[in-house]
Visitor: 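What follows is a structure written as structure tokens; I'll ask about it next.
Numbering starts at 1 and runs along the sequence shown.
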Amino acid sequence: MHQNYTITDWLPTTAKEVKAHGWDELDVILFSGDAYIDHPSFGAAVIGRILQNMGLRVAIVPQPNWRDDLRDFKKLGKPRLFFGVTAGNMDSMVNHYTAGKRLRSTDAYTPGGKAGFRPDYASVVYTQILKKLHPEIPVILGGIEGSLRRFTHYDYWKDELKQNILSWSGADMLLYGMAEYPLKNLVNLMQKGVPLENLQTLPQTAVLTNREIPLPKNKNWSDIELFPHEECLESKEKFAKNFARIEEESNKMSPARLHQAIGEKRIIVNPPLPPLSEAEVDFSFDLPYTRQPHPKYINKGPIPAFDMIKYSVNLHRGCFGGCSFCTISAHQGKFIASRSQKSILREVRQITKDESFKGYLSDLGGPSANMYKMQGRDLSVCAKCKRPSCIFPSVCKNLNTSHQPLLDIYNQVDNIEGIKKSFIGSGVRYDMLLDPKASVEEHNTHNKYISELISKHVSGRLKVAPEHTSDQVLKIMRKPSFNLFKKFHKIFSKINQEKGLNQQIIPYFISSHPACKEEDMAYLAAETKSLNFNLEQVQDFTPTPMTLATVMYYTGLDPYSLKKVYVPRTKEEKHNQRQFFFWYKPEMKKRISERLKKAGLMEVNKRLFGKTQHKNKNRK
């Protein structure tokens, strides 16, 4: 057993463990596509601990077998209140398949990294099984897989538009986003005996009703009706317009209630709760986690996702970057919800007591490493805003980008006994740090942060995500000009030289993103070569539900302007783009050189391979 823990320090996963807790009945049973890791970075553990804190008897069934006689779905009987279902910390389809739709051979959320322990569309499969076995017991969906499928959405893996996940799965309610407080509200009302069918106006929930029935009354909400599912199937333009409305509302402080008809039904998605206060964020992080995988996995090999984060600390939720290809704001929200310094330091001290901890924190970060405590100076201005990003196309003048609270955290953490080094493993947004319009106070903290980050908090390699070099592609991505990355790279190199450090900057890039053409990738190769990069952290664009880039991929339209956008879709187009990441490999040289000559990109060929060619006239 880990560090003198007993089996009852974890939530039960078997009938024997339920008995060890002294329970003869369960109030809630959670089904998860991930292994059970009792740590605040894993959703099922957080939800389980929240319910336990409310006095409920809760069990977790991790990675149930859906292929056999379904004994995992029967072994704990029926809960008094409901079944909770999540696919896990990742969308099961992203977990299973590469951008090229090839089946992955590993699963980071499974002991030994083994694949095959969860089904495709795990949320749907688990729900349908539970509904078949226990039709009278409500099933409540949560997690990122459910959140991002709350309306008609494009499914890359089936290459089709799919209906909302409540219609598809048969679940009774969806709690979307980071759902601790919607869950608490739901449970409190169910405990009072209110039937689930009467709970149709809870914030941050989605329910399915009959189309003819009027919307439940709520005087505080405005309503927006989206184009019905069937009309989206017929019209890509209507699907695109729907997305623009959905994203616009999700970026407001006071969004509308959205609803969409499908056949004889209607999905109603209630507005989210306001961003959490500091005390509310602290609450879920301060629950009594063991911070360890369940003992059942001791002889089954390490769990890669746990090994990656076990000595990291999450400082905040949310991201106001608004990147076209990212799902963070759709799930966690645009507004930053930060933990208190006290809560963060308490977690760090807890980590130092782990007998295997060697003094090195792998990450003090969040969805973006350097957004801790940031918000608008005047929140009344934010209340009127619907921009998807607070930093693109430029940093909002109302955004307070002081990095002093973050510097204070770093300083406090590094002074804790047992901490040798704290590293920043999350991606850093350098566009805020290099904002020419920042106030003098902000500018000073930016410079201090850059120096502190590079000299003290890089574990040899610093992750940043320029994503591309083409301004045209970056504009569609909602990312800053590559010139800003080059400026940051110079600063990084200068500080390394001054401090006598041998550190690398590791840039992330994406190929085959909407608006990206083969020639853009050719110039990307030449640009990154000139900076002496042999790229490692690269990926082909993967369309995931509920992102702007995915809607562009499916429709070929910008949802806001309805103008056409070039989209590389075929296997050949994607391969031709991706190969430019690896121009430096000898086996790629001949093919890439031939492609460049065919496209008339002689200048790029010369820059990559050193051959004298005619000057290229095609560069835009």
Side-chain angles (χ1 to χ4, degrees), residues 43 86-95 97 99 121-124 141-169 171 174-179 204-206 224 226-227 229 232-233 236 238-252 255-260 262 267-272 317-335 367 386 388-389 476-478 513-514 541-555 557-560 565 567:
T86 174
N89 269 25
M90 279 180 76
D91 184 287
S92 63
M93 302 306 286
V94 177
N95 179 288
Y97 298 96
Y121 308 106
S123 299
V124 175
L141 267 186
I144 194 163
E145 181 166 284
S147 284
L148 301 184
R149 290 171 164 78
R150 54 190 187 257
F151 297 104
T152 297
H153 57 279
Y154 173 67
D155 185 277
Y156 171 64
W157 302 275
K158 297 287 188 187
D159 190 26
E160 65 185 31
L161 286 192
K162 285 195 171 292
Q163 56 197 309
N164 70 76
I165 199 163
L166 287 184
S167 297
W168 184 18
S169 67
L174 167 68
L175 307 186
Y176 67 90
M178 308 299 275
Q204 213 166 313
T205 67
I224 293 174
L226 303 172
F227 291 111
H229 175 73
C232 292
L233 296 177
K236 288 184 175 182
K238 287 183 177 179
F239 175 66
K241 284 181 176 179
N242 269 3
F243 176 81
R245 298 304 298 268
I246 293 164
E247 187 184 48
E248 207 167 71
E249 291 305 311
S250 72
N251 290 316
K252 289 182 180 178
R257 172 170 57 182
L258 303 176
H259 57 105
Q260 181 189 27
I262 169 168
I267 180 87
I268 301 172
V269 180
N270 295 323
R317 291 177 178 176
C319 180
F320 48 69
C323 301
S324 299
F325 48 81
C326 183
T327 60
I328 291 170
S329 66
H331 187 62
Q332 295 194 12
K334 180 176 82 168
F335 299 99
K386 57 185 181 183
S389 173
I476 293 291
M477 289 178 161
R478 294 182 182 152
H513 191 277
F541 169 65
T542 303
T544 53
M546 214 168 162
T547 70
L548 173 65
T550 297
V551 175
M552 289 181 180
Y553 176 89
Y554 170 69
T555 64
L557 302 169
D558 179 323
Y560 290 91
V565 177
V567 178

Visitor: Answer yes or no: is there a donor N or O on one side and an acceptor on the other, between the side chain of Lys334 and the main chain of Asn251, under 3.5 Å?
Guide: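 Indeed, once roles are kept as given, a pair shorter than 3.5 Å links the two residues.
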
Visitor: Once rounded to the nearest 0.5 Å, what's the spacing between atom CG of Leu226 and atom CG of Asn242?
Guide: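 Leu226 CG to Asn242 CG: 4.5 Å, rounded to 0.5 Å.
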
Visitor: I'd like to check the side-chain contact (heavy atoms from CB on, under 4.5 Å) partners of Pro272; sequence neighbours left out, ordered by chain and number.
Guide: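 In terms of side-chain contact (heavy atoms from CB on, under 4.5 Å), with neighbours along the sequence ignored, Pro272 is linked to Tyr176, Gln204, Pro255.
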
Visitor: Report yes or no: does Ser147 contribute a side-chain atom to a donor-acceptor pair with the main-chain N or O of Gly177 at less than 3.5 Å?
Guide: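 Checked: pair present.
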
Visitor: State, yes or no, whether a side-chain contact exists between His229 and Ile267 at a heavy-atom distance under 4.5 Å.
Guide: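 A side-chain contact under 4.5 Å is absent here.
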
Visitor: For Lys241, which residues count as a side-chain contact (heavy atoms from CB on, under 4.5 Å) partner, sequence neighbours excluded?
Guide: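 By the side-chain contact (heavy atoms from CB on, under 4.5 Å) rule, Lys241 matches Phe227, Glu237, Leu562.
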
Visitor: The criterion is side chain to side chain donor-acceptor pair (under 3.5 Å); which residues satisfy it with Asn164, sequence neighbours excluded?
Guide: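 Asn164: side chain to side chain donor-acceptor pair (under 3.5 Å) contacts with Ser167.
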
Visitor: Under the side-chain contact (heavy atoms from CB on, under 4.5 Å) test, which residues partner Cys323, sequence neighbours left out?
Guide: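 By the side-chain contact (heavy atoms from CB on, under 4.5 Å) rule, Cys323 matches Phe325, Cys326, Arg429, Lys479.
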
Visitor: When you look at Tyr554 and Leu161, which way does the side-chain contact (heavy atoms from CB on, under 4.5 Å) test go after all the steps?
Guide: CA-CA 9 Å; Tyr554 170 69; Leu161 286 192; 3.6 Å; yes

Visitor: Could you check whether any side-chain N or O of Ser389 sits under 3.5 Å from a backbone N or O of Gly321, counting only pairs where one atom can act as donor and the other as acceptor?
Guide: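 Yes, the answer is positive, given that a donor and an acceptor are paired below the 3.5 Å cut-off.
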
Visitor: Name all residues meeting the salt bridge (charged side-chain N to carboxylate O under 4.0 Å, His left out) criterion together with Lys252; count only those two or more places apart in sequence or in a different chain, and write none if there are none.
Guide: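 By the salt bridge (charged side-chain N to carboxylate O under 4.0 Å, His left out) rule, Lys252 matches Glu249.
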
Visitor: How long is the gap from CG on Leu141 to OG1 on Thr205, to the nearest 0.5 Å?
Guide: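 Result: 12.5 Å between the selected atoms.
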
Visitor: For Arg257, which residues count as a side chain to side chain donor-acceptor pair (under 3.5 Å) partner, sequence neighbours excluded?
Guide: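 Only Asp223 meet the side chain to side chain donor-acceptor pair (under 3.5 Å) criterion with Arg257.
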
Visitor: Is there a side-chain contact between Gln260 and Cys232 (heavy atoms, below 4.5 Å)?
Guide: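 Yes. Closest side-chain heavy atoms under 4.5 Å.
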
Visitor: Find out whether Thr544 and Leu148 are in side-chain contact, i.e. whether some heavy atom of one side chain is under 4.5 Å from a heavy atom of the other.
Guide: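 No; the side chains remain at least 4.5 Å from each other.
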
Visitor: As a quick check of understanding, evaluate side-chain contact (heavy atoms from CB on, under 4.5 Å) for Trp157 and Val94, giving each step before the final call.
Guide: CA-CA 9 Å; Trp157 302 275; Val94 177; 3.9 Å; yes

Visitor: Could you check whether any side-chain heavy atom of Thr327 comes within less than 4.5 Å of a side-chain heavy atom of Ile144, counting everything from C-beta outward?
Guide: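 With C-beta onward as the side chain, the pair touches.
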
Visitor: Could you check whether any side-chain heavy atom of Phe239 comes within less than 4.5 Å of a side-chain heavy atom of Val551, counting everything from C-beta outward?
Guide: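 In short, these two side chains touch, coming nearer than 4.5 Å.
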
Visitor: Do Thr555 and Tyr154 have side chains that approach each other closer than 4.5 Å (heavy atoms only, starting at C-beta)?
Guide: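 They are not in contact (no side-chain heavy atoms under 4.5 Å apart), so the answer is no.
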
Visitor: With Ser92, which residues qualify under side chain to side chain donor-acceptor pair (under 3.5 Å), at least two apart?
Guide: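 Checked Ser92 against side chain to side chain donor-acceptor pair (under 3.5 Å); matches are Glu145.
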
Visitor: What is the distance from atom CD1 of Ile165 to atom NE2 of His153, rounded to the nearest 0.5 Å?
Guide: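 Separation between the atoms: 6.5 Å.
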
Visitor: Using the test ring pair (Phe, Tyr, Trp, His ring centres under 6.0 Å), find all partners of Phe541 that sit at least two apart in sequence or belong to another chain.
Guide: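 Testing Phe541 for ring pair (Phe, Tyr, Trp, His ring centres under 6.0 Å), a comparison that skips the adjacent residues, returns His513.
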
Visitor: Could you work out, with side-chain contact (heavy atoms from CB on, under 4.5 Å) as the rule, every residue matching Lys158, not counting sequence neighbours?
Guide: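 Lys158: side-chain contact (heavy atoms from CB on, under 4.5 Å) contacts with Tyr121, Asp155, Glu160, Lys162.
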
Visitor: Taking the six-membered ring for Trp, are Tyr553 and Tyr156 parallel (under 30°), tilted (30 to 60°) or perpendicular (over 60°)?
Guide: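 Perpendicular.
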
Visitor: Who pairs with Thr550 by side chain to side chain donor-acceptor pair (under 3.5 Å), at least two apart in sequence or on another chain?
Guide: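 So Thr550 forms a side chain to side chain donor-acceptor pair (under 3.5 Å) with Thr547.
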
Visitor: In the structure I gave you, are the side-chain heavy atoms of Ile262 and Phe151 within less than 4.5 Å of one another anywhere?
Guide: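 Contact flag for Ile262/Phe151 side chains = no.
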
Visitor: Do the side chains of His331 and Met546 get nearer than 4.5 Å, heavy atoms only?
Guide: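 Of all side-chain heavy-atom pairs linking His331 with Met546, none is under 4.5 Å.
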
Visitor: With sequence neighbours left out, write down each residue that passes salt bridge (charged side-chain N to carboxylate O under 4.0 Å, His left out) with Arg478, or none if nothing qualifies.
Guide: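 Testing Arg478 for salt bridge (charged side-chain N to carboxylate O under 4.0 Å, His left out), a comparison that skips the adjacent residues, returns Glu247.
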
Visitor: Is there a donor-acceptor pair under 3.5 Å between the side chain of Asp558 and the backbone N or O of Met552?
Guide: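 Pair absent, no side-chain N/O of Asp558 close to backbone of Met552.
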
